[in-house]
Colleague: 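Have a look at this one.
Owing to the predicted nature of the structure, the values given are computational and were not obtained by experimental measurement. Heavy atoms only: backbone and side chains are in, while hydrogens, waters and symmetry mates are out. The first residue of the sequence shown is numbered 1, and numbering continues consecutively from there.
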Amino acid sequence: MAVKLQGFEFWKTTLRGARYVVAPMVDQSELAWRLLSRRHGAELCYTPMLHAQVFVRDANYRKDNLYSEVCPEDRPLITQFCANDPEVFVQACLLAQDYCDAIDLNLGCPQMIAKRGHYGVFLQDEWELLEKMVKLANEKISVPITCKIRVFNKMEETVQYAQMLEKAGCQLLTVHGRTKDQKGPATGIASWEHIKAVRNAVNIPVFANGNIQHLSDVEQCMEETGVQGVMSAEGNLHNPALFEGHSPPVWEMAEEYLEVVSQYPPCTLSYVRAHLFKLWHHTLQIHKDLREELAKVKNLQGLTEVSRQLRLRCQEEITNGGEEAGQVVGLPFPHWICQPYVRPVNGTEVKAVCHKRALSQEDSDGASDALSKNKQKKKARNPHKNFCPEQKPKYIKCEQCGNPKGNHCVFNLCRGCCKKKAHKEVADCPSHGLRFKTKAEKQNRFWKEEELMES
């Protein structure tokens with residue numbers, strides 16, 4: 001059995017001293033995107049965040065999200081899991097360890113789905129549980145265990161948190177310099193000071209995450225914090241050539257990505273669509289008819305054609321517009337050039353959004369001027385829809401996976417778990433429309449009738 005490398009030796013040898021890192025992104029850091037990013041300077045990639053419990057129980061999930069994406073060019077690779085149970089996490093790691101170079105525990109996801117599932121950054125205060133998870137995984141699996149975290153408001157608490165994970169067996173730490181509340185309109189600026197404090201306090205490699213939009217940001221971050229590498233998520237999605245220090249025309253990246261997708265099928269259509277929306281983001285604010293078309297098309301050929309139409313319109317604009325072609329207020333380059341999308345930080349747009357959301361939470365009547373555009377559309381379709389979190393019904397969880405159970409399920413399970421149990425026990429569940437017992441009895445009657453007729 002090969003010796004498991006640790007800390008800096010693991011980073012230098014297995015990860016080849018990677019400095020430019022593509023972040024784990026749900027439904028976005030799939031094989032085709034990772035390969036595109038590697039062609040343009042990325043030295044290390046992460047899989048999208050995978051759910052450890054689902055990974056353990058569902059062979060198709062393992063195949064679709066990891067096993068079928070094995071590719072020699074896609075190394076070094078770190079597989080990321082979200083989990084809140086040490087035993088389940090270790091089982092998932094054991095099933096994944098032969099297909100990657102390390103396993104990462106997600107302790108940074110701030111989204112509502114992570115809050116409901118009790119994972120990601122919402123485990124940030126459960127140090128005893130996290131210590132047990134990391135320690136057990138470090139002892140049981142054959143590849144190193146790494147962690148991705150967010151910071152606390154207090155720098156001292158962040159440092160102690162990082163040191164606890166290191167002591168438990170974490171071999172590499174990625175620090176996103178934002179707190180769990182810095183998301184959406186309140187994303188704000190990541191604190192490199194917190195990252196620097198962690199780097200100075202631990203004896204394992206540290207990657208920084210946050211405020212990375214250009215290669216100059218990468219270099220500045222490494223210089224100011226002393227980290228070993230820098231991870232990019234949003235910046236990479238808008239410009240996969242970020243780590244080359246290059247801002248190519250969007251159509252070059254879009255066409256190359258679509259070529260990779262066709263070479264390494266299957267790739268879920270929603271992933272491809274989402275990538276094209278990110279790449280063409282600035283142009284689609286102008287050509288809104290093609291934005292609608294991009295949202296409607298049903299196959300890869302359709303997406304390719306919309307991207308081609310966008311290229312032709314941009315090239316026509318270049319031909320007819322002269323030196324000022326494509327210039328948009330607020331953008332440093334013409335809209336057809338790969339460049340980051342910058343969320344307003346202190347502008348009125350953010351304040352308006354925050355104010356609107358605050359009103360929508362306080363106003364149980366759901367007045368239209370207190371709702372987001374998305375909620376206003378839902379309200380128009382269903383005038384009786386309630387947006388007050390306190391008044392929403394509390395769903396009872398499935399006994400096996402934690403998803404909402406069917407209201408009248410005979411097994412008290414969600415549909416997925418109910419289907420497996422009903423099939424195994426040859427039972428019916430009318431609430432989920434499952435008729436395994438009925439079909440079996442019908443088939444038995446048919447064969448008995450056949451036997452009677454033959455005799």
Side-chain angles (χ1 to χ4, degrees), residues 1-24 29 34-35 37-47 70-81 93 96-108 134-135 137-149 159 161-177 192 194-210 212 215-233 236 242-245:
M1 182 177 176
V3 177
K4 182 163 68 172
L5 301 180
Q6 298 182 341
F8 281 95
E9 192 177 2
F10 156 65
W11 172 68
K12 290 176 183 176
T13 305
T14 306
L15 302 186
R16 305 166 195 167
R19 297 174 301 153
Y20 303 149
V21 186
V22 174
S29 59
R34 297 196 301 263
L35 292 175
S37 299
R38 290 180 190 276
R39 289 183 181 183
H40 295 279
E43 298 169 341
L44 170 65
C45 294
Y46 284 63
T47 67
V70 175
C71 177
E73 296 91 346
D74 188 34
R75 302 301 278 269
L77 176 70
I78 296 180
T79 298
Q80 188 187 69
F81 286 113
C93 292
Q97 64 183 6
D98 294 335
Y99 299 86
C100 58
D101 298 293
I103 303 289
D104 187 75
L105 176 59
N106 183 324
L107 300 175
V134 174
K135 185 176 182 180
N138 186 50
E139 291 172 354
K140 298 289 186 182
I141 68 175
S142 62
V143 296
I145 176 80
T146 70
C147 298
K148 185 173 187 288
I149 65 172
V159 168
Y161 183 44
Q163 289 174 328
M164 178 274 292
L165 293 171
E166 178 189 14
K167 185 178 179 181
C170 176
Q171 303 302 322
L172 183 148
L173 195 61
T174 300
V175 183
H176 187 159
W192 286 357
H194 280 70
I195 298 173
K196 180 179 180 180
V198 171
R199 174 69 209 96
N200 291 335
V202 299
N203 296 309
I204 55 175
V206 174
F207 290 161
N209 183 207
I212 305 301
L215 183 60
S216 58
D217 297 328
V218 175
E219 295 164 348
Q220 183 182 353
C221 180
M222 294 181 73
E223 183 178 341
E224 290 188 15
T225 63
V227 294
Q228 279 62 50
V230 172
M231 178 182 284
S232 174
N236 166 261
L242 181 152
F243 290 128
E244 288 183 320

Colleague: Report the distance from atom NZ of K167 to atom CD of Q163, rounding to the nearest 0.5 Å.
Modeller: 10.0 Å
Colleague: Can you name the closest pair of heavy atoms from V227 and V230 and give their distance?
Modeller: CG2-CG2, 4.2 Å
Colleague: Test your reading of the model: is there a side-chain donor-acceptor pair from Q80 to the backbone of I78, 3.5 Å cut-off?
Modeller: no
Colleague: Please examine the side chains of H194 and V198, heavy atoms only from C-beta on, and report whether any two atoms are closer than 4.5 Å.
Modeller: no
Colleague: Taking it one step at a time, do L242 and V218 satisfy side chain to side chain contact (heavy atoms under 4.5 Å, CB included)?
Modeller: CA-CA 9 Å; L242 181 152; V218 175; 4.1 Å; yes
Colleague: Measure from the side-chain N and O atoms of Q228 to the backbone N and O of V206, and report whether any donor-acceptor pair falls under 3.5 Å.
Modeller: yes
Colleague: Look up atom OG1 in T174 and atom CD1 in I149, then write down how far apart they are to the nearest 0.5 Å.
Modeller: 9.0 Å
Colleague: Output yes when a side-chain donor or acceptor of W192 lies under 3.5 Å from a complementary backbone atom of C221, and no otherwise.
Modeller: no
Colleague: My understanding is that only one of L173, V175, L172 makes a side-chain contact (heavy atoms from CB on, under 4.5 Å) with F207; could you say which?
Modeller: L172
Colleague: Are V21 and S232 close enough, and set up right, to give a side chain to side chain contact (heavy atoms under 4.5 Å, CB included), and what steps lead you there?
Modeller: CA-CA 6 Å; V21 186; S232 174; over 6 Å; no
Colleague: Quick one: which of I103, D101, T14, T79 gives a side-chain contact (heavy atoms from CB on, under 4.5 Å) with V143?
Modeller: I103
Colleague: Could you please spell out the steps behind the side chain to side chain contact (heavy atoms under 4.5 Å, CB included) verdict for E224 and K196?
Modeller: CA-CA 7 Å; E224 290 188 15; K196 180 179 180 180; over 6 Å; no
Colleague: Taking all atoms of both residues into account, what is the closest heavy-atom pair of S142 and Q97, and its distance?
Modeller: N-OE1, 2.8 Å
Colleague: Taking the side chain as everything from C-beta on, heavy atoms only, tell me whether W11 gets closer than 4.5 Å to L44.
Modeller: no
Colleague: Can you see whether T146 engages Q171 through a side-chain donor-acceptor pair at a distance of less than 3.5 angstrom?
Modeller: no
Colleague: Please determine whether the number of non-hydrogen atoms from other residues, nucleotides or ligands lying under 6.0 Å from atom CD of E223 exceeds 12.
Modeller: no
Colleague: Counting distance only, does the side-chain N/O of R38 pair as donor-acceptor with the main-chain N or O of G41 below 3.5 Å?
Modeller: no
Colleague: Using 0.5 Å steps for rounding, measure from the SG atom of C100 to the CZ atom of R75.
Modeller: 7.0 Å
Colleague: Using every non-hydrogen atom in the two residues, find where C147 and V134 come nearest and quote the distance to one decimal.
Modeller: SG-CG2, 3.9 Å
Colleague: For residues A23 and S29, report the shortest heavy-atom separation together with the two atoms involved.
Modeller: O-CB, 3.6 Å
Colleague: Could you check if a side-chain atom of T47 sits within less than 4.5 angstrom of a side-chain atom of R34, using non-hydrogen atoms only?
Modeller: yes
Colleague: Just so I know, are the side chains of Y20 and M231 near enough to count as touching, which here means a heavy-atom distance under 4.5 Å?
Modeller: no
Colleague: Working to the nearest 0.5 Å, report the span between OG of S37 and CZ of F243.
Modeller: 8.0 Å
Colleague: Any donor-acceptor pair under 3.5 Å linking the side chain of R199 with the backbone of T225?
Modeller: no
Colleague: Using the salt bridge (charged side-chain N to carboxylate O under 4.0 Å, His left out) rule, take D104 and K148 through it: C-alpha gap first, then chi angles, then the decisive distance, then the call.
Modeller: CA-CA 7 Å; D104 187 75; K148 185 173 187 288; over 6 Å; no
Colleague: Donor-acceptor check, side chain of K4 to backbone of I141, threshold 3.5 angstrom: yes or no?
Modeller: yes
Colleague: Decide yes or no on side chain to side chain contact (heavy atoms under 4.5 Å, CB included) for L15 and F10, but give the supporting numbers first.
Modeller: CA-CA 7 Å; L15 302 186; F10 156 65; 3.6 Å; yes
Colleague: CG/L105 to SG/C170 distance, rounded to the nearest 0.5 angstrom?
Modeller: 8.5 Å
Colleague: Out of curiosity, R39 CZ to L35 CG, how far, rounded to the nearest 0.5 Å?
Modeller: 7.0 Å
